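Beneath this line is the structure, given in structure tokens, with notes to follow.
Below, each value reflects all heavy atoms present in this structure, side chains not excepted, and no hydrogens, waters or symmetry copies. Since we're looking at a predicted model, the values are computed, not measured.
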Amino acid sequence: MSLGEQPGWTEPLRLFSCTPSRLGTWQDCPRRYRFTYVDRPSPPKGAPWAHNSMGAAVHTALAAWWDLPLERRTPPAAAALVRSKWIALGFRDDAQSQMWCDRAADMVERYVAGVDPTQVPVGIERTVGMATERLAFSGRIDRLDRRGDELVVIDYKTGRHVLSTDDTRGSLALALYALAAARTLRTSCVRVELHHLPTGEVHAWEHTEQTLARHLQRAHELAAEIQAAREFPAQPGPMCGWCDFAAHCHEGRAAAAPKPSWAGLAEELSPLE
């Protein structure tokens with residue numbers, strides 16, 4: 001027994017430090033979790049994904065747009081920001097990169113045309129956090145609006161997956177963002193929204209205390225699983241073709257051939273049409 005301990009003393013439960021990405025990686029595949037968060041050095045990743053490059057440029061442009069003086073917060077300025085922030089990684093060739101730069105600029109210009117430039121959000125790329133009995137959680141919200149006495153979590157999506165309200169309702173990340181935003185800013189936050197820029201659709205969900213509590217309980221269960229893990233088995237399936245670590249996972253390569261780095265671009269989706 002060490003100095004200061006009393007009979008029957010037990011060590012306090014160590015909080016699990018996490019982000020939505022960390023929890024999501026465990027849910028997707030424990031093997032990928034090991035490669036990302038446990039192995040040091042982490043195995044080299046594959047080539048950058050073109051859809052991630054496009055998404056990063058769009059997110060950066062939308063954040064930078066709010067930093068412009070009010071008179072310059074126009075749709076064409078938003079498009080210009082996409083072009084200036086463009087990341088030409090993962091595309092098949094320069095021609096494909098330029099085509100998607102044009103599409104992304106058009107997508108953002110059309111989206112911003114429906115945004116009131118005078119209604120400055122409470123936070124842009126705002127980091128929020130909270131501690132619970134098991135988690136030390138932190139995350140970065142794309143946009144945090146104030147509507148009346150409530151906060152609203154907004155997450156931008158630029159991918160090929162066409163969304164529905166079920167995606168918003170079931171998102172563990174959005175629920176944790178809402179809880180952490182309320183805790184950080186001491187203001188009620190129950191509404192979460194996914195803004196899908198390629199289609200212009202907004203999918204919203206109003207949480208209750210009960211639904212937020214269920215999501216938090218799920219996060220606690222995932223944290224307990226991760227902390228107790230001694231092995232990190234692969235979960236082979238069709239999604240293995242999209243894994244950054246496919247070259248290091250025999251089971252994953254057997255389940256699905258690696259996708260080309262530009263396969264995530266949604267060629268069939270015309271922005272906002």
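- The two residues Ala204 and Thr168 make their nearest non-hydrogen contact at C-CG2, 4.0 Å.
- A donor-acceptor pair is defined here as one N or O able to donate and one able to accept, closer than 3.5 Å; such a pair exists between the side chain of Thr36 and the backbone of Arg32.
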Given Thr60 and Ile87, is the side chain to side chain contact (heavy atoms under 4.5 Å, CB included) satisfied, shown in steps?
CA-CA 11 Å; Thr60 302; Ile87 303 169; 6.0 Å; no

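- Counting heavy atoms from C-beta outward, Leu194 and Trp205 have side chains that stay 4.5 Å or more apart.
- Counting heavy atoms from C-beta on, the side chains of Val162 and Glu201 come closer than 4.5 Å.
- The backbone N or O of Phe91 lies less than 3.5 Å from no partner atom in the side chain of Ser97, so there is not a single donor-acceptor pair.
- A continuous path of Ile, Leu, Val, Met, Phe, Trp and Tyr side chains, each step under 4.5 Å between heavy atoms, connects Leu23 with Phe232, placing both in one hydrophobic cluster.
- Residues Tyr177 and Ser171 fail the side-chain proximity criterion, which asks for heavy atoms closer than 4.5 Å.
- The structure places NE2 of His51 at 8.0 Å from CG of Leu265, a figure rounded to the nearest 0.5 Å.
- Of the residues Val192, Val190, Thr187, the one that meets the side-chain contact (heavy atoms from CB on, under 4.5 Å) test with Leu151 is Thr187.
- Taking the six-membered ring where the residue is Trp, His248 and Phe245 present tilted rings, their angle falling between 30° and 60°.
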Please list every donor-acceptor pair under 3.5 Å in which a side-chain atom of residues 213-220 meets a protein atom from a residue at least two apart or in another chain.
from	atom 1	to	atom 2	distance (Å)
His215	NE2	Arg169	O	3.1
Gln217	NE2	Glu221	OE2	3.4
His220	NE2	Thr132	OG1	2.8

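- There is a path of hydrophobic side-chain contacts, each under 4.5 Å, that joins Phe16 to Leu179.
- At a threshold of 4.5 Å between side-chain heavy atoms, the hydrophobic network of Ile, Leu, Val, Met, Phe, Trp and Tyr places Met239 and Tyr33 in two separate groups.
- Proximity of the aromatic rings of Tyr111 and Trp65 is defined here by a centroid distance below 6.0 angstrom, and this criterion is not met.
- Side chains of Glu225 and Trp26: a donor on one and an acceptor on the other come within 3.5 Å.
- Residues Leu197 and Ile124 are members of one and the same hydrophobic cluster, defined by side-chain heavy-atom contacts under 4.5 angstrom among Ile, Leu, Val, Met, Phe, Trp and Tyr.
- Across Cys240 and Ala246, no two heavy atoms sit closer than the pair O-CB, 4.2 Å.
- Side chain of Gln96 to main chain of Ala50: no donor-acceptor pair is present (N/O by atom type, distance under 3.5 Å, no hydrogens or angles).
- The number of heavy atoms from other shown groups lying within 6.0 Å of CG (Asp93) is above 12.
- Within a 6.0 Å sphere centred on CZ of Arg83, other residues, nucleotides and ligands contribute more than 12 heavy atoms.
- Shortest non-hydrogen contact noted between Ala234 and Cys249 is CB-SG, 4.0 Å.
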Side chain to side chain contact (heavy atoms under 4.5 Å, CB included) between Glu125 and Asp142, intermediate numbers included
CA-CA 5 Å; Glu125 299 289 339; Asp142 290 343; 4.0 Å; yes

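- Few gaps surround CZ on Arg92; more than 12 heavy atoms of other groups in view lie less than 6.0 Å from it.
- At most 12 non-hydrogen atoms from other residues, nucleotides or ligands lie less than 6.0 angstrom from CZ of Arg186.
- Atom-to-atom distance recorded for Asp145:CG and Glu150:CD is 12.5 Å, nearest 0.5 angstrom.
- The closest side-chain heavy-atom distance from Asp167 to Lys157 is not below 4.5 Å.
- If you take CH2 on Trp66 and CD on Gln119, they are separated by 8.0 Å, rounding to the nearest 0.5 Å.
- Looking at Asp94 and Gln98, their side chains never bring a donor and an acceptor atom within 3.5 Å of each other.
- A donor-acceptor pair under 3.5 Å links the side-chain atoms of Ser53 to the main chain of Leu89, judged by distance alone.
- Put simply, the side chain of Thr184 gets close to the backbone of Gly129: a donor and an acceptor are under 3.5 Å apart.
- Within the 4.5 Å cutoff, the side chain of Arg126 has heavy atoms near those of the Leu185 side chain.
- A continuous path of ILVMFWY side-chain contacts below 4.5 Å connects Leu176 to Val122, so both sit in one hydrophobic cluster.
- Taking a 6.0 Å sphere around CG of Asp149, one finds it holds 12 or fewer heavy atoms contributed by other residues, nucleotides or ligands.
- Within the 4.5 Å cutoff, no side-chain heavy atoms of Cys29 are placed close to those of Phe35.
- Interatomic distance, Gln227 CD to Leu15 CG, rounded to the nearest 0.5 Å: 8.5 Å.
- Shortest non-hydrogen contact noted between Val108 and Ala78 is CG1-CB, 3.7 Å.
- Across Gly264 and Arg160, no two heavy atoms sit closer than the pair O-CD, 3.6 Å.
- Arg34 contributes atom CZ, which lies 14.5 Å from atom OG1 of Thr25 (distance to the nearest 0.5 angstrom).
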Going through the distances and angles, do Ile141 and Val128 end up as a side chain to side chain contact (heavy atoms under 4.5 Å, CB included)?
CA-CA 8 Å; Ile141 300 172; Val128 295; 3.9 Å; yes

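- The aromatic rings of Tyr156 and His59 lie perpendicular to each other, with more than 60° between the two planes, well past the 30° mark.
- The shortest distance between side-chain heavy atoms of Leu70 and Arg73 falls below 4.5 Å.
- Of all heavy-atom pairs spanning Ala57 and Lys85, the tightest one is CB-O, 3.7 Å.
- Within the 4.5 Å cutoff, no side-chain heavy atoms of Ile154 are placed close to those of Leu144.
- Distance check: Ser21 OG to Tyr37 OH gives 3.5 Å after rounding to the nearest 0.5 Å.
- Shown here is Glu231, whose CD atom has no more than 12 heavy atoms of other residues, nucleotides or ligands within 6.0 Å.
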Could you walk me through whether Leu222 and Gln27 pass the side chain to side chain contact (heavy atoms under 4.5 Å, CB included) test, one step at a time?
CA-CA 8 Å; Leu222 292 172; Gln27 288 180 289; 3.6 Å; yes

